[in-house]
Amino acid sequence: MPSLENLSCPIDDADLQLEGRSLRCPNGHCFDLAKTGYVNLLPVQNKRSKDPGDSKEMVLSRQTFLNQQHYYPIVEAILASWPNPQTSSAVRILDAGCGEGYYLSHLGEALEKHNIEVDRVGLDISKWAIMSASKRDKNISWIVGSNASLPVPDERFDVILCLFGFPVFEEFSRALDDSGSLLLVESGPRHLIELREVLYDRIHDYKPTYPDGIASFELQSETSKCFSFELHGQAQIQDLLSMTPHIHKASYEGKLAIQKIETMTITADIKLRWYRKKTGEK
Ligand SMILES: C[S@@+](CC[C@H](N)C(=O)[O-])C[C@H]1O[C@@H](n2cnc3c(N)ncnc32)[C@H](O)[C@@H]1O
């Protein structure tokens, strides 16, 4: 069962206690659990728009695409690169910007098979993503919240995952234990190249992120994973397109060109970077 333990009030940072189906802080702030068990800890004053994060349609497309398991090699690559799994018997994981929960769910199952006890929290700013995640896996604490202000006490986690997401390093550092690790998974140079070649007239040069490092983190390992998969039919192709930023960036003509294709072989090219928190830095 999700513990919903060790969370902080998003209004005054006080500890939250689970009482019945609500999380309460000693100063009277109360957050009710939704029917599916998630909790919304994103106060209106922290929202930049009425419906922040991925839309209902994007979440549905991502879930449909991920459930076809084309991206399972990414789960395997994360597990293969996991730092010292054999030395830990318990791990507290935050998936920051977890989407509809595919990775956190699969990773937890795999780690448990290695007799590692996992306490998992999945957080996303999109209520649609968390609603969907809370139906996928009942063993995870699912929270609507923002990476910009994580509703958790200092040093709450051993590992923070940020997969194709929006990292906020100061917050990640604060929320990580001093011996904690951060995983960034991002697109590599040839990621979805076949899709991009149809959508755009010109492919921009690849620019690695954080070339000068990250202030509060030290790079521990960097690996790449390249694989390909087949998409059959417009429904599969449109699901992939709709879960990427290209759905907003591409021109009308580019999207029209995609609509004429029935089968595609797609390259996935991703980078996995594990960072260690620099101790003494929040
Ligand atoms: C590209 S999706 C990746 C989702 C998931 N990590 C995956 O790989 O399937 C980015 C996610 O970040 C979420 N997001 C955007 N801004 C955020 C923020 N400030 N805090 C938390 N999540 C955020 C979006 O709602 C979306 O679900």
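All values reported here derive from a predicted model rather than from experimental measurement. First listed ligand is number 1; within each ligand, the first listed atom is number 1. Positions are given from 1, in the same order as the sequence printed here.
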Any heavy atom of R62 under 4.0 Å from ligand 1? The part involved is side chain
With heavy atoms and a 4.0 Å threshold, my read on which part of Y102 contacts ligand 1 is neither
For G53, the atoms of ligand 1 under 4.0 Å from one of its heavy atoms are 25 (O)
Short N or O distance, D124 and ligand 1, threshold 3.5 Å exclusive = yes
Could you pull out every donor-acceptor pair under 3.5 Å between side chains of residues 121-131 and any protein atom, sequence neighbours left out?
residue : atom : partner : partner atom : Å
D124    : OD1  : S126    : N            : 2.8
D124    : OD2  : C98     : N            : 3.4
D124    : OD2  : G99     : N            : 2.8
S126    : OG   : D54     : O            : 2.8
S126    : OG   : W128    : N            : 3.2
S126    : OG   : A129    : N            : 3.0
W128    : NE1  : D51     : OD1          : 3.1
W128    : NE1  : D51     : OD2          : 3.0

Under 4.0 Å between heavy atoms, the region of F164 that gets near ligand 1 turns out to be both
Problem set entry | Min N/O separation A129 to ligand 1 under 3.5 Å | no
* Test item: L219 and Y210 side chains (from C-beta on) under 4.5 Å apart, heavy atoms -> no
Check: of V168, L66, N147, D95, min heavy-atom distance to atom 21 (C) of ligand 1 comes from N147
the protein heavy atom lying closest to atom 7 (C) of ligand 1 turns out to be Y103 CE1, 3.7 Å
Residue, atom and distance of the protein heavy atom nearest atom 22 (N) of ligand 1 read I125 N, 3.3 Å
Honestly, for C98 the part within reach of ligand 1 (heavy atoms, under 4.0 Å) is backbone
Using a 4.5 Å cut-off on heavy atoms from C-beta on, say whether the side chain of Q69 contacts that of H106. yes
Ranked by distance from atom 4 (C) of ligand 1, the top protein heavy atom is G97 O, 3.5 Å
Any side-chain heavy atom of R174 within less than 4.5 Å of one from V152?
-> yes
In ligand 1, the atoms that come under 4.0 Å of a heavy atom of L163 are 3 (C), 5 (C), 6 (N), 8 (O)
- Task: Please work out which of the three classes, parallel, tilted or perpendicular, describes the rings of H70 and F229, given edges at 30° and 60°.
- Result: parallel
Quick note on ligand 1: atoms under 4.0 Å from a heavy atom of F166 include exactly 10 (C), 12 (O), 14 (N), 15 (C), 16 (N)
*asked:* Ring centres under 6.0 Å, that's the criterion: do H191 and Y206 meet it?
replied: no
Item to check | S146 to ligand 1, any heavy atom closer than 4.0 Å | outcome: yes
